[in-house]
Structure formats: structure tokens, C-alpha cells
Amino acid sequence: MVTAKDSRGAGGQGSRGESQNLPFSLSPFLPCLFLSFCLILGFTSAQDVYDVIVVGSEPEAISAAVAASESGAKVVLITEDRKLGGLFVMGQMNSLDLRTQPFNYQQGLFLRWWEMVGKGHSFDVQQAKGAFEELLVAAGVEVHLGSSNITPIMEENKVVGVRADETLGQNTFYAKHIIDGTADMDFATDAGATSTFGFSGVGLNARMVDTLVFRIDGVDWTTLQRGVRSKGKDYAVVDTRVAWGHFGGYPAKYDAVEEGIRLRGLNLGQQNDGTVLVNALLIYGITPYDPDSIADGFARAEREAPRIIEYLKQELPGFENATYGGVADKLYIRETRHLEAECTLTVDDVLDNRVTEFAVAAGGYPLDVQTLTPYDDGYVYGTPEIYGVELCVNVPLGIDNLWVVGKSAGYDAIAASSARVVPFGMALAEAVGVAAAYGSQRDESPRVLISDEETLQDIRAALKERGAYLPEVEDRDPVGPFDHPYYRDYRLMLSRGLAVGGYNNEPRLDEEMKAISYVYLLSNVAQRFFNNGDIGKELVATYQNSGSPLSGALALMITQDAACRAGVCVDKTWEALIENGLAPESFPPTEPLTRGEMYALAARIAKLSPVLTQR
């Protein structure tokens, strides 16, 4: 029998008074009049033993729980949330970021859920919630909603169970495999798993901006479609349920009243009742682990949302009668932790289109970094053809019996801008669920599983039987102008976020550059490769008036100066730079220097970093 129960009763945090509507939503007290029924529901048991425990209610958590249960494991899912579906339901993020050309990259369990909600680019939130519940019930997963103080039970560096406060007291749950499916790997962090924060792994103290989805009533979707199509795809793209684009730049011109609020191009997703959910409101200045800061950011955004609607209705077709309809239950905290895992999916893996024989899921979404500060518009670093990901990205360093699924898995900060999307996360979480069931049956830990090649092939075979798509292992070219003489230098800069290829993977390496661009590039190289902001400040102060083209003479002077500040002082000649590995052997360069030549010099300065030297 499948259980889906609310451990805290009505009116819990984030509920907004909405009933659960679960297949088995009974009062926690009435069933306990009958002992046998109490035991089935798990209310009176002080200690329950399972094969797999999943913590969290995100789509990835649900995918892992369902896959594990369908693979023969006894599974319980425990969450603080009073609704299932995480970002898609509590955050009401109803527009999907996924790759469907030349085929659907994410199949298997994600595809089953997607078909249940209409297989469009957006979905109805309540329908999505119902689909998640239906999958869990059909799989036989026991669900505990509204638990609190969910903490790991540890034996040295091994997670052996979960402790949680529920309506009738504290419950303990034990299992051979535990999966953290929380939005920000909170459970794994409590267990001792380590991580980097935001873009700190690439030498930048920043993270992607947060969002509050808001709802609009009264939008005439037919008029919106007609108006958008009349203006062309450069304005926006629209179908029967979703619209996205810059809308002529009008939304981005919005001047917010609240501090730290900004509007970007719109992602609009229509609900079954005709209301429209908007993903476009950006919130800066939130400290993601501070409840007061989150509450302040939520309040600022909630106050701003009605003003935004009044602004949009002045210009957008179909918005003439638009009114404010409310906001999501939770913020979309877009980026926090990146797990330090047994292996890491890197930006090089993504842009080299790397697939190994142990890949368990396929990705192909662009490297799309949302804005990091109020002063940038985000960055698209490139678009892969396809890449694979292995289970080792889900296994924390130094912690046993634990997996991590979702956007906080072991991706570097730039690779995460592709891998963070939920459809990819659900595909990978399905693989983790299958692996956890397999490991529990064989009494093997996650670390043992990922180190056994035969076991990994068994897991891959099980995934194929479930309908998952596993990419073929074959030689693939990297994206972009890989035969350009300075391509590898460009890629080194990109690995720290200092070069972009855009959606078309075109870095314009032969474009002539200004001297000041080189100065600013080297300033960023000093910060992101050496963790030294002083070098950059000194360079900018010295050459701040270098607005002229980057001539050979200027390039020589700036390069020699930067190298010396980085600890390698040589004569100010091209021969000396070349001899010491600070310039390509093909130099002196053309006049003025191109972007590729600029990257070539900057890359050689970057390689003076002790970290790269050790590699």
C-alpha cells in the first residue's frame, strides 16, 4: 500500500492554505485508532528500515524515488514541503528548459511525466503536481510531507539514516542508500559533504540571480499570439501555451521601485485556467542561507509584481485587461552550492561533446548563465551538440551511503549553467534511483558502485530498458572554430568565464581588439586564476587611458608588465617573452592584435598561476 501523508497538519510553512489532495490524505490521528493501519502508514513506528531514503520534494527527488521503487527497492520520500514538485510546483516555474532537436535528449521517466502534463514547452502547475503524485503512488513510494528538522544519522563518515520531527513526534528512518534531492543539497551539507558556492570555483564571488514567479489574470492569449507573430521572431516566440523573448526590449526598460529588482525578457506560460505565469522578475542581494534575507527578497519582489503588470499592459498585445493574480509560494533560488564530488562535469566536458561508455544521461542545453549582477545581462558561453554525464558526479567526496541529485550535483559553475535544467536533472536522478536500488540489493555503497565497470554497465542496461536515452560513444569535434590556432587559448579563457561563444559558438577570434580590452581581460585573469585583485587594479590604473587599438608595441608593454606583476620578469622584447613561454612562437603579432591573439597572450599569463602550473 502506498502512503502519502502530511506530517504537520494544515497551515504549515509555504502552504498558503491549499489542501494536499493526495491519494491518501487522512488525518494523522484517526488512523492510529487501528494499530495495523498505523503501522502501514508509519505513524507509530519509532524506527523504520528502508532500502532507499530520498530527502526533498524537487522533481529530481521524485524521479530518483520513483526509479528506485520501480527497480525493486523499498523507498520513502521525506520532505519539509507540504506539496510535491519543488521548483515546478512551489516555485511555479512552468516553462521547461530542454533540448528537443534533433531529438528529445531526456526520455525515460522525465518523458513519462512530460507526457502526463501535455508535452508542451510549458505546463499547468496543478497538473504537474498531480502527475508527480500519480507516479509516486503507482511506484509504491511512501511519502512524508511537512516533516521538520530533517537531519542525517551518521556513523563516522557514513550516512545510515534520517531523523525527522513529525506530528506524533520524532521518527527515525534507516536505509543503505540515502539520496539528497533538496534544492540546495542542504541534507548532504549537514552530513559533511563539501561544496563550492556560486562562481567561487572559477575565482568570482558571485552567483546567478534569483527569481519570483508571478501570475497574471486577464491576458488575451489569442491577441498575444497574433501581436507577437506580426512582429516576428526577433520580438518573441509564441505558441498555444508559451511565449518567450525580449519583446522589443520593452520589459528590460522597466524602472523598479523596490531596491535590487529588475525585469528581463519574458518567459510566459499559460495555465489550464487561462492565467499566465511569468518568469522574468530578478531579485538581487539575497543571502540564500539567511531566512530573513530570503523573506526580504520575497517581499520586495511581491510588492513590485503588481507594478510590473501595470507597466506591461501599456505595451504588450493581449495585456490590455491584465491584472495581478499573486505570486509563487517560494522563490527560485537559482544557484547556491556545487557539490565536490568523486568526479566533476566540467565546461570542457560539455563543449568537447564528451561522452564516455559510463554515461547515464545526455545533456545538450546551452551554457546559459543568468545575470550575476544588476549590471550585466547574463552570458551564453556556448551550445554543445551532446554530452554525457556519469554517476560519480552524484557521490560526495568523503561521505558514504549518500547521493546528491539536482542542480547542486558535481558540476563546475559554468557546466552547471547547462546541467542545472530540471529535465536533465530528472534524467540523471532516474539513473541515481536505479543505482541506489541496485546497490541496496547487493549491499554495495555508492562509491563501490561507481568504481565497478561491470556494475555501471548493468545500470546502463537497466536504464535502457526503462526507456532512458544514453548517448552513443563516438568521436565528436568540440564546438566552435576548433581548428583555429588560438582555439585552445580561447577555451582556457572560457573555462573561467572570460570568453563567450554565444548560442552559435562563434567567439570572433579574428576581430581586432582595443588595448583597454586586453587590460581588463588581464585584470580578470589575475582575479580568476591567481585570486589576486591587486594586480588587476594596478594594471587598470596604469593603462586606463588605452583606448587605442591593441598594437604590437602596446601588447608587448602590457604583457611584460603583467607577467612581472605575476612573478616572472623578463626583458621587454618579443624574443624574451617567447623564450619564457609568455607569447606564441609565431609572434610578433599582426597589427592590431586580434581577439585570438589577445587570448593567446592572456592564456600564457594565466598559466603562470600555481594551480595551472601544478597541473
Where the side chain of [X] meets the backbone of [Y], is there a donor-acceptor pair that is under 3.5 Å apart?
X: D180; Y: T182; answer: yes
X: R241; Y: Q270; answer: yes
X: Y284; Y: V209; answer: no
X: D376; Y: G378; answer: yes

Note, S95 side chain near N279 side chain (heavy atom, < 4.5 Å)
no
Beyond-backbone contact of L266 with L316, side-chain heavy atoms, under 4.5 angstrom:
yes
Could you walk me through whether K83 and D329 pass the side chain to side chain contact (heavy atoms under 4.5 Å, CB included) check?
CA-CA 10 Å; K83 301 177 189 176; D329 294 327; 2.6 Å; yes
For the pair D186 and R337, find out whether any cationic side-chain nitrogen is under 4.0 Å from an anionic carboxylate oxygen.
yes
Decide, yes or no, whether a salt bridge links K407 with D184 under the criterion of side-chain N to carboxylate O below 4.0 Å.
yes
Residues passing the side-chain hydrogen bond (donor to acceptor under 3.5 Å, both in side chains) test with E58, sequence neighbours excluded, are none
Y469: ring pair (Phe, Tyr, Trp, His ring centres under 6.0 Å) partners, not counting sequence neighbours:
F103
With sequence neighbours left out, write down each residue that passes ring pair (Phe, Tyr, Trp, His ring centres under 6.0 Å) with F482, or none if nothing qualifies.
none
Applying side-chain hydrogen bond (donor to acceptor under 3.5 Å, both in side chains), which residue pairs with at least one partner in residues 116-125 are found, sequence neighbours left out?
none
Considering only residues two or more places apart or on different chains, which pairs with a residue in residues 244-253 satisfy side-chain hydrogen bond (donor to acceptor under 3.5 Å, both in side chains)?
none
Mind jotting down which residue pairs meet the salt bridge (Lys or Arg N to Asp or Glu O under 4.0 Å) criterion with at least one end in residues 258-275? Sequence neighbours excluded, please.
E258-R303, E258-R307, R262-D377
